[in-house]
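So that we are looking at the same thing, I have put the structure below in structure tokens.
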Amino acid sequence: MASTLNSPISDFECISLELLAYSVMGVKGLQQFVDHTCPAVKEWVDLKEMAEQHQRSHPECSPVVAVDTMACLRYWYTPEAWVHGGQWREYLDSLKRFVNAFSTAGIGLVFFIDGVIEQKKRDEWIKRRLRCNLEIAEIFQYIKANACQPGTEMFFIPSGLATFTRFALKSMGITTKCSLREADYEVANYARLNECMAILSQDTDFLIFDTVPYLSINKLSLEKLSTVMYSRGKLCHSLNLRMADLPLLACLLGNDIVPENTVDRLKYRCLDEYLPKGRTTGQRKQIVAAVAHYICSVDHSHSGLREVKRNLPCYSDESLLEKGVESYILPGQSSPWLPRNKISPVTQQCEMPKFLNHRILQFAREKHIKAESSMVYKVLSKGEVDCSNTLEDELDADLPGQAIVYRPARQSIYGILLSAEPNAQPDSARLYPTVKEWFVYPGNLLQQPDLIRALPPELPGGIPDLQTLWLTEGPAVEKLHYRMFLACFGLQDFVQEFIHLELPSTAVVCCLLLYMTLQVTTLCVEDLDAFLAQVVCIRDKPADHLAQIQVPRVDSRAVHLASLFVRGLSVLIAANSACGFPFKMVDLMPWEVFDGKLFHTKYLQSHNGCTMEDLLEKNDILVHGFQKIKVLINTVCAGKNRILQSTPRPLAPARDRPEPHGVRSHHNFQRAQPTHHQRYQGRYAQPGWTNSAQAGRRYQPRSGSYNK
């Protein structure tokens, strides 16, 4: 075997394994192998029967399924419309049906949310984000060409779905946990320690962990409550491996820690050795078996792992395989492939900033784990945050990306969280701390994080410490919470105007729309009217009514605006978390204030010049509510020298959707260079910079002429 592994690369080895792997999470090519080459690993199971068996074998506890939330989002999002910003009330109903199906069968659920991106997986995260950028560009190209939503083969999860799902589950009283490390690891460990019935996911990493049975979410029939169970034991039997060998198998196939290009050469040489001479058909089906055959030939020890390392490219990290294997070893477990007596630690320690009160960090940590806050713990513990892709048009020069629009607000949030340094100097002489941001926006190749200054909002008396803000009670502190929240969006001088609004959700939306209007100078009267109309019209509309709305055409600008609004709600959640929760989280949820199709129809009506009465469905109560909010917005804008202009946009007529075979012509799509509005920062020169070099990543000022 050694001589074969050191031989020159054959022509066959040059074929990219990108074409061979399923586009799924986890181990590259393993899902395809168990689905098509080794079906014995799969077994259809009735979950009710499985629960009964579990109850008999574990009479001291009820059957519980640990749910990998991120892997289930696509299954839960059942509405047909996805491009308009999200059908949130329909989605909430879908979640309720899912939970009820299990509870009716006597099966408990514990949901896990990804809370961090570990450094060892950052490269893979970046690759996925850049791939998603291309997919989003293709979606907008399709919308502009056809004025309708693409087919399901181009489906993209609505922006913010993962963020809002945790709060939806919490609102139902369901146990929901946000991870402190890689969620897969925490799911596997929790399920093992708590003797859960199974793990529900669609991630082949759960075939590698030595934990409870792994169930498929993609194969789940909610009506029958049955799905496919993947068996580790049968996988090992078919490959002639031991359970302890599975982590090495995962690494040599490629996963989120060990890149495919690091192991491609080794895989193909394993394949050349494994296949009969002269055989040229069915090679890709045999890659998993070939790698397993190679593992069997290696000494099952740490010295054997070092032998495997020698067959990887010389430029690869020497500890990469060891890190990869270790990532699957749960607390208290060991592996023959790791150094002797090396046992996975039970807990993962977190460095605490020197200036931070331990009680404060513990409070933030508990809120994070319970999925009751957003962003706060990551800022305090690591000084690093991230945000995935958003459905926004990078070629629209008039509309900036959400990452840029909400950066000033985030800077204020960071400032509140990190302004507790002792012996702080006056603002004029002070060096502000920075936060690392991994945010996706046009032109950002994610080669390094943006370093964003934490700039506390300007308030009389300064910023209170977090002890006062979070752990002190009383009417005076409640008012402080409210003012601090508004200060994150530059609206601290208008507390009384907001307090007089009837509903908290109205105040929340008013805050967001004011911020958007002040930051995005191309937002016009028609845009604002569309947002306000859908906010007042949605209040009493049930999900089934909203589902019946027919959108006559899809406008790319409306899609971008909808995503901008929904992402803004997630920033409001972060501000609410940082400022001591002046609002109940439910008041900030999209199903309370937004529906994608409803907004889209209002946008089309508004830009088509319809009357206010028609826009508000000829309802006098809605007209009154609309006018009250608009007066407040216009008053605040006037006070900040922002005058909204009427700029109706021409609307393209709808076209018949092309046949499915014509949809994927976007493979020939040539990506144009993104443009960006000159008022917004990021990698683009800003007003006020003295030279272009200053417009880079570090120590950037707030953007938006009106956010003062």
- Say whether, by atom type as modelled, one donor and one acceptor occur between the side chain of His300 and the main chain of Val298 under 3.5 angstrom. yes

**Q.** Geometric cation-pi criterion, Arg407 with Phe439: 6.0 Å, 45°
**A.** no

One should read off an interatomic distance between Lys219 NZ and Asp35 CG, to the nearest 0.5 angstrom, of 5.5 Å

Pair Arg129-Ser388, side-chain donor/acceptor within less than 3.5 Å: yes

What I'd like to find out is whether the side chain of Glu384 reaches to under 4.5 Å of the side chain of Trp438, using heavy atoms alone. yes

Can Arg128 be said to sit on top of Trp125's aromatic six-ring, NZ or CZ under 6.0 Å from centre and within 45° of the ring axis? no

Can you tell me if Tyr414 and Glu437 form a side-chain donor-acceptor pair at under 3.5 Å?
yes

Under 3.5 Å, is there a donor-acceptor pair linking the side chains of Glu273 and Tyr268? no

Is the shortest side-chain heavy-atom distance between Leu180 and Ile369 below 4.5 Å? yes

Legend entry - Note: Lys28-Glu124 ion pair, threshold 4.0 Å (strictly below): yes

The reported gap from CG in Asp46 to CD in Gln53 (rounded to nearest 0.5 angstrom) is 9.5 Å

Here the pair of heavy atoms bringing Arg166 nearest to Thr163 is CG-O, 3.1 Å

Any luck finding a side-chain donor-acceptor pair between Thr390 and Arg567 under 3.5 Å?
yes

Exercise for the section: For the pair Asn444 (side chain) and Leu446 (backbone), establish whether a donor and an acceptor sit closer than 3.5 Å, ignoring hydrogens and angles. Expected result: yes

Less than 3.5 Å apart, any donor N or O on the side chain of Asp450 or Tyr441 sitting next to an acceptor on the other?
yes

His293 (side chain) donor-acceptor with Ala289 (main chain) under 3.5 angstrom
no

Do Leu246 and Tyr328 have side chains that approach each other closer than 4.5 Å (heavy atoms only, starting at C-beta)? no

If we ignore angles and hydrogens, is there a donor and acceptor under 3.5 Å between the side chains of Glu322 and His302? yes

Of all heavy-atom pairs linking Val258 and Cys251, the shortest is CG1-O, 3.4 Å

Review point. Taking atom types as modelled, is there a side-chain donor on Asp203 or Ser201 under 3.5 Å from an acceptor on the other?
Key: no

Here the gap from Thr165 atom OG1 to Ile113 atom CD1, rounded to the nearest 0.5 Å, amounts to 6.5 Å

Heavy-atom side-chain proximity of Leu330 to Arg192 below 4.5 angstrom: yes

Could you check whether Glu182 pairs with Lys121 (Lys NZ or Arg NE/NH1/NH2 to Asp/Glu carboxylate O, under 4.0 Å)?
yes

- request: Take Val228 and Glu43 through the side-chain contact (heavy atoms from CB on, under 4.5 Å) test and state the conclusion after the steps.
  value: CA-CA 5 Å; Val228 163; Glu43 176 188 353; over 6 Å; no

To the nearest 0.5 Å, atom CG of Leu215 lies from atom CE of Met197 at 6.0 Å

Electrostatic pair Asp386:Arg122 at N-O distance under 4.0 angstrom: yes

Between Glu186 and Arg181, does at least one N-O distance fall below 4.0 Å, as a salt bridge requires?
no

Fill in: Under 3.5 Å donor-acceptor, Glu307 side chain and Asp299 backbone
no

Q) Stepwise, does the side-chain contact (heavy atoms from CB on, under 4.5 Å) test hold for Leu207 with Val27? A) CA-CA 9 Å; Leu207 258 176; Val27 184; over 6 Å; no

Looking only at heavy atoms, the pair that brings Thr227 and Leu220 closest together is OG1-N, 3.4 Å

Value for CG (Leu200) from OH (Tyr75), rounded to nearest 0.5 Å, stands at 8.5 Å

Point to revise | Pairwise side-chain contact, Pro39 with Val34, heavy-atom cut-off 4.5 Å (strictly under) | key: no

Name the orientation class of the two ring planes belonging to Phe209 and Tyr185 (parallel below 30°, tilted from 30 to 60°, perpendicular beyond 60°). perpendicular

What do the steps show when you test Glu135 against Met154 for side-chain contact (heavy atoms from CB on, under 4.5 Å), and what is the final call? CA-CA 8 Å; Glu135 294 174 13; Met154 294 179 72; over 6 Å; no

In the structure I gave you, are the side-chain heavy atoms of Leu451 and Lys436 within less than 4.5 Å of one another anywhere? yes

In terms of heavy-atom contacts, Leu73 and Ala162 come closest through CD1-CB, 3.8 Å

Tell me yes or no: between the side chains of Gln202 and Ser216, is some donor less than 3.5 Å from an acceptor? yes

| So do the side chains of Thr175 and Leu109 get within less than 4.5 Å of each other, counting heavy atoms only? | no

From the list Phe156, Phe155, Tyr77, ring pair (Phe, Tyr, Trp, His ring centres under 6.0 Å) with Trp82 holds only for Phe155

*Is a side-chain N or O of Asp245 found less than 3.5 angstrom from the main chain of Leu241, in a donor-acceptor match?*
no

Task: Residue pair Leu391 / Phe140, side-chain heavy-atom distance below 4.5 Å - done: yes

Worksheet entry | Stepwise side-chain contact (heavy atoms from CB on, under 4.5 Å) test for Phe112 and Thr176 | CA-CA 6 Å; Phe112 284 81; Thr176 308; over 6 Å; no

Going by the angle between their ring planes, with limits at 30° and 60°, are Tyr377 and His368 parallel, tilted or perpendicular? tilted

request  = Tell me yes or no: between the side chains of Asp205 and Tyr214, is some donor less than 3.5 Å from an acceptor?
outcome  = no

> Using the benzene-type ring in the case of Trp, are the ring centres of Trp76 and Phe164 under 6.0 Å apart?
Replying inline: no

Looking only at heavy atoms, the pair that brings Lys378 and Gly115 closest together is CD-O, 3.2 Å

Correct closest heavy-atom pair for Met50 and Ala198 would be CE-CB, 4.0 Å

task: Please confirm whether the backbone N or O of Phe206 pairs with a side-chain atom of Arg232, one donor and one acceptor, at under 3.5 Å?
output: yes

Worksheet entry | Chi angles and distances behind the ring-ring contact (aromatic ring centres under 6.0 Å, His included) call for Tyr230, Trp44 | CA-CA 9 Å; Tyr230 297 100; Trp44 278 94; 10.0 Å; no

CD (Glu260) and CG (Leu252) are apart, to the nearest 0.5 Å, by 12.5 Å

Mark yes when over 12 heavy atoms from residues, nucleotides or ligands other than His58 sit less than 6.0 Å from its NE2; otherwise mark no.
yes

